[in-house]
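Structure, as structure tokens:
All values below come from the heavy atoms of this structure, side chains included, with hydrogens, waters and symmetry mates left out. Lettering of chains follows the sequences in order, A, B, ..., and the numbering in each one begins at 1.
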2 protein chains.
Amino acid sequence: MRVCGSSPSPGPADGRDSLESVLDQIILDDCLRALARLPEASVDLIFADPPYNLQLDGELLRPNNTRVDGVHQDWDRFDDLAAYDRFTRDWLRACRRVLKPDGAIWVIGSYHNIFRVGAALQDEGFWLLNDVIWRKTNPMPNFRGRRFTNAHETLIWAAHGPRSRYTFNYDSLKAFNDDLQMRSDWLLPICSGPERLKDDTGRKAHPTQKPEGLLYRVLLGTSRPGDVVLDPFAGTGTTGAAARRLGRHFIGIERDSDYVKAARERIAAVEPLSQQDLDTLKPKRAAKRIPFGALVESGLVQPGTALYDPRATVKAQVRADGTLACAGAQGSIHKIGAHVQGRSACNGWTFWHFRDGGELRPIDVLRERLRTQLENGAEHAP
Amino acid sequence: MRVCGSSPSPGPADGRDSLESVLDQIILDDCLRALARLPEASVDLIFADPPYNLQLDGELLRPNNTRVDGVHQDWDRFDDLAAYDRFTRDWLRACRRVLKPDGAIWVIGSYHNIFRVGAALQDEGFWLLNDVIWRKTNPMPNFRGRRFTNAHETLIWAAHGPRSRYTFNYDSLKAFNDDLQMRSDWLLPICSGPERLKDDTGRKAHPTQKPEGLLYRVLLGTSRPGDVVLDPFAGTGTTGAAARRLGRHFIGIERDSDYVKAARERIAAVEPLSQQDLDTLKPKRAAKRIPFGALVESGLVQPGTALYDPRATVKAQVRADGTLACAGAQGSIHKIGAHVQGRSACNGWTFWHFRDGGELRPIDVLRERLRTQLENGAEHAP
DNA sequence: CCTACAACTGAATCGTTCC
DNA sequence: GGGAACGATTCAGTTGTAG
């Protein structure tokens, strides 16, 4: 095992690498060997772009008789489906060992391999969260006209297990997408132009380099700054580059020394974003909980204040203990909100409104005001 | 086994149905039993919409506390993945027997089951030709904000074997698609409105009825007039209806008598199409909506960039997730635009400007630039 | 008649914290 | 660990009703 910039070393006596020793490095080694040396439950997110097992024999010619430069590398050759399945299950199992219980994995593939991978993920105990379609704006056409233009690839997003509390930056993604929920189909160009790494002879350095935009969206949406992101098939380092740019740690594993060299140079050249620029939208769920009673306690809401439903057809009164009284019933803002609507549940913060001049405003704005007060106060506290 | 309009009959002595006796019929029977009675190598195309094994548990409420009417039918219950795999391999094997050597199969599914199905197809000897993505224009949202909107389903198109001379109507699909090669991602609305079959009580007759437009495209592209199309999970007969409309023969198998009744009535009412009508079935071209986040992702706007209102009195900063930060507030370009103007809504694309030399220009010009890049990005000219 | 608005709906693996 | 309370969360439609 070799790490970026260091000379070959035998590693510690227990055959394990410390996480620190490989952090933000590309490891030059076989994927299974390197994974076995990592400590278990140590990484937050995995992004894997395994060989697709394309099964291309012969060559493909364009209509003008030029040859299509397909994937013919040895690493994409497997004897049969069973061999590919064994390979898949082995690296998935090794990945799951090093993944934290609340971590998640992404795998990208095409119809040649993604069904094997998806089934193996389920068999190994991962819990599928979504399949996501990368729609290519500029796919290679089908030159022979015998099939549909293969215009997409499939990504699978899966948690360590059914009860994992995986990271999903819902609010950030929604803002990113002009205030609409992010869908499972993503439109992105393929990696070309200056972004595409070239070797010394000017040919593409790697046959299947992924666009950094794809990794940008994956990391922004399903990891947090400071997380450790592992890529067991690092190739020319797209995951590492995106991770470095977005303030995530990365560990890459790649067995081809030419790819490793290209990846290390590329990642070293990446300028990380500033902390401020990384200050993405905070999820509401992470905000500190403020009970309604605290608003009464702080004087922001006076006991006796009248609250109304959005259309001001129901009126309730605030009690000194932070409960609401309405038509004989009394309880929390949520309970009474559910009660007056005849429903089993209700978010009282958005249901109940107070009069502010002529307008009705949800009491949630008062909670927001108190939250700001508390945060500013906390900054000045010792 | 019973066929449409005929009384129950024991069938011929060899336990086989003649093809003629079941042509253009919906067979009321279990899928495996009915398949076993069909002559081998007798159908040209199979379209299968098997149970997805959704594994739904408990109930799901919309934000307004109404209940989502999920798929809780018995036919979608399996003990575990192994049971689902056995079921899948059994019906696929039975289908392959009745399929002509140059025939093909389509199977539709979601991430819950499609990886099992795809792997089983390969294991049973089918040869995958494409996976096709049905992108829904109007999917059900993710109500809890825990995952990406599940906005697509996957279809797999596979030939009987690697050397099958399958049908692919390249030219008619290309004409159908405004003279562009038909891609592997199809945009279609879900089945709703008058097309959606209702039962006597006005509720949906089947929980998962597919849009006929999807079947039009499948049959138009991968079968010929006069072909025999088999649907082993016929449900309320969408495949049969599309086949009859397009001048193909069909055989449907369905074990639920209510579904069979609805399907037979529906298909009987179908008026086969004229060529002129076929021409009106053009797919809608996808309008390319570009969210602000895509500008950041693509590098056209760098995180940290300053944006201004038209008179440069307000300044805001772009974050890595495509949100704007301004005077302590953070959100989408639209939200923050509305916020700084004290309005409830704002078109951020025209409100926010960036410095271009000495001039302020609306960010909408950057969106236009990206749109052009995406459309002209084709690396390979055909 | 039309327009406006309210209500309803779709293959869905859709919590977390505190006591 | 079990149960209750808290409280976060939706898009593109179609259908039905009111005016």
Side-chain angles (χ1 to χ4, degrees), chain A residues 122 126-131 157-159 161-166 168 170-171 174 177-184 283-293 311 322 331-335 337-338 344-352 362-364 367, chain B residues 49-73 75-78 81 84 108-114 134 136-154 189-196 198 202-204 206-211 233 235 289:
Chain A
Q122 292 179 304
F126 289 99
W127 191 244
L128 303 196
L129 298 168
N130 277 115
D131 55 342
W157 176 42
R163 280 172 301 283
S164 300
R165 300 192 302 173
Y166 55 89
F168 183 54
Y170 177 77
D171 300 285
K174 187 170 173 179
N177 195 35
D178 287 1
D179 294 328
L180 285 178
Q181 280 193 347
M182 187 72 85
R183 297 170 39 121
S184 57
K284 276 194 194 157
R285 294 175 227 271
K288 194 167 151 45
R289 182 176 277 188
I290 295 183
F292 183 68
R311 303 203 315 206
S332 73
I333 53 173
H334 313 295
K335 276 279 160 57
S344 61
C346 163
N347 182 344
W349 291 108
T350 51
F351 179 73
W352 294 109
I363 57 175
D364 207 19
R367 176 170 65 160
Chain B
D49 182 9
Y52 288 8
N53 188 25
L54 288 186
Q55 308 166 71
L56 300 182
D57 186 32
E59 61 178 22
L60 178 64
L61 299 182
R62 298 188 180 82
N64 64 6
N65 283 319
T66 58
R67 181 170 292 101
V68 173
D69 183 14
V71 179
H72 47 263
Q73 275 75 5
W75 51 252
D76 198 44
R77 292 190 183 283
F78 295 85
L81 283 178
Y84 187 78
I108 184 168
S110 67
Y111 68 86
H112 308 84
N113 72 320
I114 198 65
W134 168 26
K136 303 180 184 184
T137 55
N138 48 352
M140 182 161 44
N142 185 291
F143 295 117
R144 305 301 294 265
R146 304 301 303 183
R147 303 182 179 191
F148 298 97
T149 306
N150 206 342
H152 73 274
E153 292 187 26
T154 301
I190 61 174
C191 182
S192 69
E195 188 190 336
R196 189 87 194 210
K198 307 289 194 299
R203 282 178 302 205
K204 56 188 177 191
H206 192 284
T208 71
Q209 186 183 338
K210 296 293 175 288
F233 306 99
R289 198 180 61 83

Strictly by modelled atom types, are A:H334 and A:S332 linked by a side-chain donor-acceptor pair under 3.5 Å?
-> no
Rounded to whole angstrom units, what separation is found between the NE2 atom of B:H112 and the P atom of C:dT13?
-> 4 Å
Under 4.0 Å between a side-chain N/O of A:N347 and OP1 or OP2 of D:dA8, yes or no?
-> yes
Touch check for A:P291, heavy atoms < 4.0 angstrom, all strands: base, sugar-phosphate only, or nothing?
-> nothing
Counting just side-chain N and O atoms, does B:R146 come under 4.0 Å of either OP1 or OP2 of C:dT16?
-> yes
Given DNA chain D, 5'-ward residue of the pair B:R144 and B:M140, judged by closest heavy atom | B:R144
Closer than 4.0 Å, any side-chain N/O of A:S332 to the OP1 or OP2 of D:dC6?
-> yes
Counting Watson-Crick and G-U wobble pairs whose two distances are both under 3.5 Å, find the runs of 3 or more in a row that involve DNA chain C.
-> C:2-10 with D:11-19, C:15-19 with D:2-6
Please work out if B:T149 contacts a base, only the sugar-phosphate, or nothing of the nucleic acid, heavy-atom cut-off 4.0 Å.
-> nothing
Position toward the 5' end of DNA chain C (nearest nucleotide), B:I190 or A:R289 | B:I190
Short side-chain N/O contact from A:K284 to OP1 or OP2 of D:dT9, under 4.0 Å | yes
Side chain of B:T66: nearest nucleotide among C:dG10, C:dT9, C:dA12?
-> C:dT9
So does B:K204 get a side-chain nitrogen or oxygen closer than 4.0 Å to the phosphate oxygens (OP1/OP2) of C:dG10?
-> yes
Taking only the side-chain nitrogens and oxygens of A:R367, find out if one of them lies under 4.0 Å from OP1 or OP2 of D:dC6.
-> no
Give a yes/no answer on whether the side chain of A:K335 brings an N or O atom under 4.0 Å of OP1 or OP2 in D:dA5.
-> yes
Under 4.0 angstrom, heavy atoms only, what part of the nucleic acid is A:L129 near: base, sugar-phosphate, or nothing?
-> nothing
Angle class for the A:F168/A:W157 ring planes (parallel below 30°, perpendicular above 60°, tilted otherwise)?
-> tilted
Per B:R147 side chain, nearest of listed nucleotides D:dT9, C:dT13, C:dG10 = C:dT13
For B:G235, answer base if it contacts any base atom (sugar-phosphate contacts may also be present), sugar-phosphate if it contacts only those atoms, and nothing otherwise; contact means non-hydrogen atoms under 4.0 Å.
-> nothing
Side-chain donor or acceptor of B:K210 under 3.5 Å from a matching atom on the base of C:dA11?
-> yes
Residue whose nearest DNA chain C nucleotide is more 5′ - B:T208 or A:Y166 = B:T208
Please tell me which of B:G193 and A:I290 maps to the more 5' nucleotide of DNA chain D, matching each residue to the nucleotide holding its nearest heavy atom.
-> A:I290
Given D:dT10, is OP1 or OP2 found less than 4.0 Å from the side-chain N or O atoms of B:N138?
-> no
What does B:P50 touch in the nucleic acid at a heavy-atom separation under 4.0 angstrom: a base, only the sugar-phosphate, or nothing?
-> base
OP1, OP2 of D:dC6 versus side-chain N and O of A:H334: anything below 4.0 Å?
-> no
For A:D131 and C:dT13, give me the distance from atom CG to atom P, rounded to whole Å.
-> 10 Å
Looking at every strand, decide which applies to B:C191 at a 4.0 Å heavy-atom threshold: base, sugar-phosphate, or nothing.
-> nothing
Give B:D49 one of three labels, base, sugar-phosphate or nothing, depending on what nucleic acid heavy atoms sit under 4.0 Å from its own.
-> base
Donor-acceptor pair between A:N130 and A:R183 side chains, under 3.5 angstrom | no
Report yes if at least one side-chain N or O of A:K174 is closer than 4.0 Å to OP1 or OP2 of D:dT10; otherwise report no.
-> yes
